[in-house]
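Residue numbering restarts at 1 for every chain, and letters A, B, ... go by the order of the sequence lines.
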There are 2 protein chains.
Amino acid sequence: MWGRRGRHVTGALRRGQTSRAHLSRARVRCAILRTMKKPAKKNALYAQSGGVSAVINASACGVIETAKRHGKHIGKLYAGRDGIIGALTENLIDVSRESAATIRALKHTPAGAFGSARFKLKGLDQNRAEYERLIEVFRAHDIGYFFYNGGNDSMDTALKVSQIGATLGYPIICVGVPKTVDNDLPHTDCCPGFGSVAKYIAVSTLEAGLDVASMARTSTKVFVLEVMGRHAGWIAAAGGLAGKSPKEPPHIILFPELPFVREEFLARVKHSVTEYGYCVVVVSEGAAYADGKFVADAGTQDAFGHTQLGGVAPVIANMIREAHGYKYHWAVADYLQRAARHIASRVDVEQAYAVGKAAVELAVQGVNAVMPTIVRRSSRPYKWTIGHVPLSEVANVEKKLPRSFITADGFGITAACRRYLEPLIEGESPPPYKHGVPQYVRIRAVPVRRKLKTEFKL
Amino acid sequence: MWGRRGRHVTGALRRGQTSRAHLSRARVRCAILRTMKKPAKKNALYAQSGGVSAVINASACGVIETAKRHGKHIGKLYAGRDGIIGALTENLIDVSRESAATIRALKHTPAGAFGSARFKLKGLDQNRAEYERLIEVFRAHDIGYFFYNGGNDSMDTALKVSQIGATLGYPIICVGVPKTVDNDLPHTDCCPGFGSVAKYIAVSTLEAGLDVASMARTSTKVFVLEVMGRHAGWIAAAGGLAGKSPKEPPHIILFPELPFVREEFLARVKHSVTEYGYCVVVVSEGAAYADGKFVADAGTQDAFGHTQLGGVAPVIANMIREAHGYKYHWAVADYLQRAARHIASRVDVEQAYAVGKAAVELAVQGVNAVMPTIVRRSSRPYKWTIGHVPLSEVANVEKKLPRSFITADGFGITAACRRYLEPLIEGESPPPYKHGVPQYVRIRAVPVRRKLKTEFKL
């Protein structure tokens with residue numbers, strides 16, 4: 001599942017090349033079928049999609065800097081303002097109007113510099129108008145390359161766009177650029193964006209754990225940290241990197257992959273407090289009972305009788321108070337975790353850049369409908385390279401945490417999981433600071449002059 | 001209030017000296033009165049107290065390394081396990097059994113390495129037994145110096161202990177070492193611990209703000225970050241360092257010093273979303289209505305009818321949804337903010353060390369019942385030195401955010417506030433990392449052999 005170990009390869013991708021060694025013969029055939037004749041010089045469009053991350057702009061940087069080096073194939077590079085919405089409404093940003101320094105600074109700037117959107121194209125048969133509009137905009141701006149930077153849903157949209165050559169007769173090369181903090185894209189060892197969240201959660205769990213440990217005698221005995229990952233427990237698992245023995249935090253991890261059993265959980269909390277004096281819990285926002293009901297939906301009501309203010313952490317903490325009376329604290333990291341560029345993983349930043357670079361290199365070779373992947377060659381020492389996979393194999397598939405990564409009791413991570421996760425949070429890549437805060441860049445965002453008279457209503 | 005600007009002085013304290021230039025004549029007289037004859041060689045006790053911070057161990061490091069250099073006055077240095085509780089129960093840690101490398105590493109390790117406690121000594125007339133027990137333990141271990149590292153309540157305890165020479169005839173020199181993330185101790189320009197929380201909140205607000213800005217078109221429009229500081233708005237104010245213009249996050253800060261007015265707040269949220277496309281709110285956990293009722297106490301009930309799961313952020317966020325229907329997210333940083341040594345302010349680390357060092361230097365000069373202070377000499381460039389103040393002037397006094405630091409509309413910070421805060425988050429002081437996580441140290445905590453036969457029940 002995590003790619004084969006084997007011959008030593010460098011993490012860096014050689015210019016104009018992608019490693020396909022990892023692809024099965026079937027996939028190579030598939031890729032060849034998608035390989036069109038070398039395209040004429042065309043403009044390119046880059047768009048960010050879905051929830052942003054600490055390193056999605058590093059991928060943008062990879063796309064932009066690499067596109068500049070391929071002037072033989074790529075003319076102007078535009079970016080959609082607010083992702084695909086910018087493409088549909090002809091709100092394009094002229095990337096060439098940004099300085100080289102600004103583009104370089106994207107590598108250390110979190111969130112989506114060009115704006116991102118939660119917007120999934122429907123199927124061609126359901127909303128043909130959207131596709132026709134896209135083609136209208138593409139044609140008006142002579143766009144022949146489309147780079148779509150996102151997660152599962154976005155790869156589905158990218159796949160649909162990649163097919164408009166065949167379905168609607170407009171030739172386009174569309175390459176997906178993987179991005180998701182949830183780490184749930186298949187066929188890639190990991191997803192850019194995840195390593196940095198994982199590092200944030202591991203470090204935060206370690207730090208808060210020390211805090212609780214030092215005061216448990218007379219104060220807080222239970223600390224609950226809620227983390228992202230509604231359907232997959234990768235981020236929750238990363239909390240496990242904070243400690244190495246059962247007595248070190250986190251003492252309990254609650255994964256969305258396993259049903260939450262209240263009594264088992266409460267017994268475990270009691271055991272931890274009794275044995276170690278305190279208990280640190282990392283809980284996925286997606287923790288759910290066997291019947292699928294989220295633990296967060298605990299019937300919490302506000303003064304107006306409306307259900308759920310949200311947050312599984314307070315529900316869990318309160319459950320513990322009810323049962324055991326322990327003093328508790330809880331935290332909900334929410335966007336702080338995925339925006340935390342200040343504690344980004346260096347490996348993650350490098351991989352985010354590399355998939356952006358590879359996307360352009362694939363495109364100028366005429367490879368359509370693929371997504372670059374991270375291929376793990378070995379874990380210790382960590383060696384990785386870039387491969388690629390057809391979008392059709394990625395779209396709408398979710399990769400969950402395998403059972404073998406969770407301890408038998410369901411509350412921790414195994415050695416195999418640690419071996420998988422550890423390299424992904426390796427290394428630091430601090431941004432430059434001024435007056436105590438990181439110097440994140442804002443783009444000028446010079447709009448491209450509109451060429452169409454028609455407006456498009458979303 | 002923030003000390004006078006003036007002549008250039010170095011931030012570092014010269015060995016064996018403290019600047020008293022800032023002290024009024026009255027205080028100098030007071031300090032002299034407290035100056036006893038140079039004490040004979042005695043052992044010393046160090047204890048951590050109250051909520052821990054990212055840099056309280058840096059103060060411990062300052063105390064320990066300086067005590068070692070004063071072997072003429074200080075024999076053994078012990079630490080109370082779990083603070084004053086360790087002193088009362090004769091659970092002492094032999095600090096000399098820790099390696100120099102471990103002590104050095106305390107400077108980059110968050111939380112309370114020796115254990116901290118929320119335990120306030122009652123008045124002598126209310127619980128004489130506690131004081132008699134302290135003296136029993138002090139006498140058994142020949143302790144003549146007591147360094148108590150904490151906030152308001154702890155300085156009150158330190159004051160009481162400093163008086164047992166006069167009240168109970170046991171000679172002791174007690175020096176408080178300031179520590180509180182709340183920044184609410186009087187007579188010191190700032191409190192060690194605060195600068196690092198301030199930096200964490202400023203950086204987190206900046207990062208999450210970029211996240212929300214990039215997705216507001218189709219997703220979250222309002223983000224609420226709850227921060228610590230139940231009675232004083234210093235930490236909330238630090239969120240204001242994330243942006244410099246009204247259109248940059250945070251758009252709204254809610255301080256505990258000003259009454260929360262629902263309609264004004266909601267109008268301001270709407271204005272921000274209308275003008276800037278989104279709204280980032282930093283709210284103090286202590287935000288309260290004019291009648292003193294905490295905003296967090298919003299009548300929230302769980303399935304069992306119990307009130308309040310806690311957290312003002314979800315209450316605020318829900319209020320906004322009710323009124324405007326905006327999609328929202330919220331975060332509660334809780335212990336993450338005060339334990340975040342990975343993003344500590346270098347100034348804060350240096351000041352934490354300096355007050356620990358100064359405490360020992362004052363003590364070996366025979367100065368009793370004082371607390372070292374941070375004295376600001378100038379803001380731009382930032383110059384500070386160390387002073388000291390009688391414990392009697394510090395104990396149980398809370399320094400709140402002055403009105404002049406809050407904008408007229410009540411939702412932001414003024415230029416004066418920025419000038420005060422900015423130097424305190426200046427500089428980074430990253431811990432060493434291994435396998436992606438900080439290498440925080442744990443002490444060996446070798447117990448001192450007990451000499452008393454009696455147990456003490458807390």
Side-chain angles (χ1 to χ4, degrees), chain A residues 52 82 85 110-113 115-119 199 202-204 206-208 210-215 217-219 223 241-242 298-303 309-311 314-315 318 329-336 338-343 345 422 425-428 430 433 435-438 440, chain B residues 52 82 85 110-112 115-119 199 202-204 206-208 210-215 217-219 223 241-242 298-304 309-311 314-315 318 329-336 338-343 345 422 425-428 430 433 435-438 440:
Chain A
V52 293
D82 301 321
I85 288 178
S116 187
R118 293 204 182 276
F119 189 89
K199 189 180 185 90
V203 172
S204 298
L206 172 63
E207 290 178 333
L210 286 172
D211 186 310
V212 180
S214 61
M215 300 199 62
R217 175 88 183 257
T218 56
S219 184
F223 178 71
L241 295 176
T300 309
Q301 296 195 329
D302 63 19
L309 293 175
V315 173
N318 206 48
H329 262 242
W330 53 267
V332 177
D334 196 63
Y335 288 163
L336 270 52
R338 75 179 193 191
R341 180 61 184 80
H342 76 272
I343 186 73
S345 146
E422 221 166 51
I425 68 166
E426 187 71 57
E428 292 68 56
Y433 283 78
H435 298 318
V437 291
Y440 296 138
Chain B
V52 293
D82 301 321
I85 289 178
S116 186
R118 292 203 182 280
F119 190 90
K199 190 180 185 90
V203 172
S204 297
L206 172 63
E207 291 178 334
L210 286 172
D211 186 309
V212 180
S214 61
M215 300 200 61
R217 174 87 184 257
T218 56
S219 185
F223 178 71
L241 296 176
T300 308
Q301 295 196 330
D302 64 18
F304 309 95
L309 293 175
V315 172
N318 207 49
H329 262 242
W330 53 267
V332 178
D334 196 62
Y335 288 163
L336 270 51
R338 74 179 194 192
R341 180 61 184 80
H342 75 272
I343 186 75
S345 145
E422 222 167 49
I425 69 166
E426 189 70 56
E428 293 69 55
Y433 282 79
H435 298 318
V437 292
Y440 297 138

Heavy-atom contact with chain A under 4.5 Å, split by part of B/L206: side chain
Assert top hit (heavy-atom pairs under 4.5 Å, partner chain A, pool B/L241, B/V212, B/I425) equals B/I425
Distance col, row A/M215:CE vs A/F223:CZ, nearest 0.5 angstrom, shows 13.5 Å
Set of residues satisfying salt bridge (Lys or Arg N to Asp or Glu O under 4.0 Å) with respect to A/E428, sequence neighbours excluded: A/K199
Just give me the residue among A/S214, A/P110, A/G115 that pairs up with chain B most often, heavy atom to heavy atom, under 4.5 Å. A/S214
Does any heavy atom of chain B fall under 4.5 Å from the side chain of A/D82, the backbone, both, or neither of them? side chain
Which answer fits A/S345, side chain, backbone, both or neither, if we ask what part of it has an atom under 4.5 Å from a heavy atom of chain B? neither
Is chain B contacted by the side chain of A/R341, its backbone, both, or neither, given a heavy-atom distance below 4.5 Å? both
Who wins among B/I85, B/D211, B/T218 for the most heavy-atom pairs under 4.5 Å with chain A? B/D211
Which heavy atom of B/L336 sits nearest a heavy atom of A/A208, and at what distance? CD1-CB, 3.9 Å
Aromatic ring pairing A/W330/B/W330, orientation class (parallel under 30°, perpendicular over 60°, tilted between): perpendicular
Region of B/Y440 in contact with chain A, defined by heavy-atom distances below 4.5 Å: side chain
Quick check on the interface: out of B/G427, B/A340, B/A242, who has the most heavy-atom pairs with chain A under 4.5 Å? B/A340
Would you mind checking which part of A/I343 comes under 4.5 Å of any heavy atom in chain B, side chain (CB onward), backbone (N, CA, C, O), both or neither? side chain
Given the options A/H342, A/R118, A/R338, which has more heavy-atom pairs under 4.5 Å with chain B than any of the others? A/H342
Based on non-hydrogen pairs under 4.5 Å, which of B/A333, B/P438, B/P430 is most in contact with chain A? B/P438
